[in-house]
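Below: one structure, written as structure tokens.
Sequence positions, counted from 1, serve as the residue numbers for this chain. Only this structure's heavy atoms are used, side chains among them; waters, hydrogens and symmetry mates stay out. Bear in mind that the values here come from a model prediction, so they are computed numbers and not experimental data. Every number for a ligand or one of its atoms is a count from 1 in the order of the listing.
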Amino acid sequence: MDDLQELYQQVILDHNKNPKNFGRLENSNRTAEGYNPLCGDLVQLFLQVENEAIKDISFLGSGCAISKASASIMTTELKGKTASQAEGLFKKFQQLLTSDIHSAVDTKDLGKLAIFSGVREFPMRIKCASLSWHTMRSALRQNGETVSTET
Ligand code: ZN
């Protein structure tokens, strides 16, 4: 493991221990739940959406360090973004997770999300990292369905 991956790992552990925006959002108008049965990760998202923009966002959940860190970092990245910006970021994150492990990562638009590049080495964990993002999309669409990584 090189220094960068070690640093990334540390960030994931830190977010797992002290997640940002953790808790129920009082004035949320969009919520969704996600479940990753392969790992047992659960995430519940609360969004306050106004004029197609995410004014505030928080989460509750339990699961592995990757799923929790991913939700934590996602909330910090999405606060203040419009729904279409959130969708764009989701696509870039998905691209990162499914790209070849040996390919270089273009981190320019990814911000802190780049720390999940190491997850590519563990295909089982990709769903842990993407769970909160799929749940976020469900919340924005507000279709009321529980998101499962297995359907
Ligand atoms: Zn997990």
Side-chain angles (χ1 to χ4, degrees), residues 1-25 28 30-49 54 56-81 83 85-107 109-151:
M1 192 182 280
D2 59 25
D3 289 351
L4 191 62
Q5 286 303 337
E6 224 163 285
L7 174 75
Y8 285 173
Q9 189 113 42
Q10 193 55 50
V11 177
I12 288 174
L13 293 176
D14 285 349
H15 272 272
N16 177 51
K17 227 168 143 188
N18 300 303
K20 303 271 190 284
N21 305 306
F22 191 79
R24 192 179 291 271
L25 198 64
S28 64
R30 312 277 175 96
T31 61
E33 281 176 31
Y35 179 46
N36 173 16
L38 291 184
C39 183
D41 306 317
L42 265 172
V43 64
Q44 198 178 4
L45 284 182
F46 305 89
L47 279 74
Q48 187 194 354
V49 178
I54 301 167
D56 210 351
I57 178 169
S58 75
F59 81 101
L60 283 173
S62 58
C64 68
I66 291 174
S67 70
K68 225 163 146 189
S70 176
S72 172
I73 291 169
M74 181 188 79
T75 59
T76 65
E77 291 290 320
L78 290 186
K79 209 180 269 196
K81 294 255 192 328
Q85 283 173 325
E87 180 70 18
L89 211 51
F90 164 80
K91 290 210 173 101
K92 280 187 187 124
F93 188 50
Q94 194 74 350
Q95 240 167 42
L96 165 73
L97 291 177
T98 54
S99 64
D100 186 89
I101 183 68
H102 300 295
S103 69
V105 177
D106 179 10
T107 55
D109 303 315
L110 283 169
K112 282 192 213 122
L113 302 177
I115 66 165
F116 292 98
S117 59
V119 172
R120 294 179 300 171
E121 276 182 74
F122 312 97
M124 285 285 290
R125 291 313 185 89
I126 289 174
K127 286 171 177 170
C128 302
S130 62
L131 175 67
S132 55
W133 287 84
H134 288 293
T135 308
M136 174 277 290
R137 293 176 92 210
S138 170
L140 283 179
R141 289 195 300 264
Q142 201 58 69
N143 58 15
E145 283 169 21
T146 295
V147 176
S148 173
T149 55
E150 298 311 300
T151 52

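Between F90 and W133, the angle of the ring planes lies from 30° to 60°, which puts this pair in the tilted group.
Between F22 and S72, every side-chain heavy-atom pair lies at or beyond the 4.5 Å cut-off. Contact annotation: the side chain of L47 never approaches that of L25 to less than 4.5 Å [non-hydrogen atoms, C-beta and beyond].
Of all protein N/O/S atoms, those under 2.8 Å from the Zn ion (ligand 1) are C39 SG, D41 OD1, D41 OD2, C64 SG, C128 SG, and waters are not counted.
Proximity of a side-chain donor or acceptor of D41 to a complementary backbone N or O of C64 within less than 3.5 Å is detected.
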Open item on the list: Please evaluate residues K112 and V11 with respect to the criterion side-chain contact (heavy atoms from CB on, under 4.5 Å), reporting the C-alpha separation (whole Å), side-chain torsions for both, the decisive distance (0.1 Å), and the verdict.
Closed with: CA-CA 9 Å; K112 282 192 213 122; V11 177; 5.7 Å; no
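Exactly one of T135, V49, L45 qualifies for a side-chain contact (heavy atoms from CB on, under 4.5 Å) with L140. That residue is V49.
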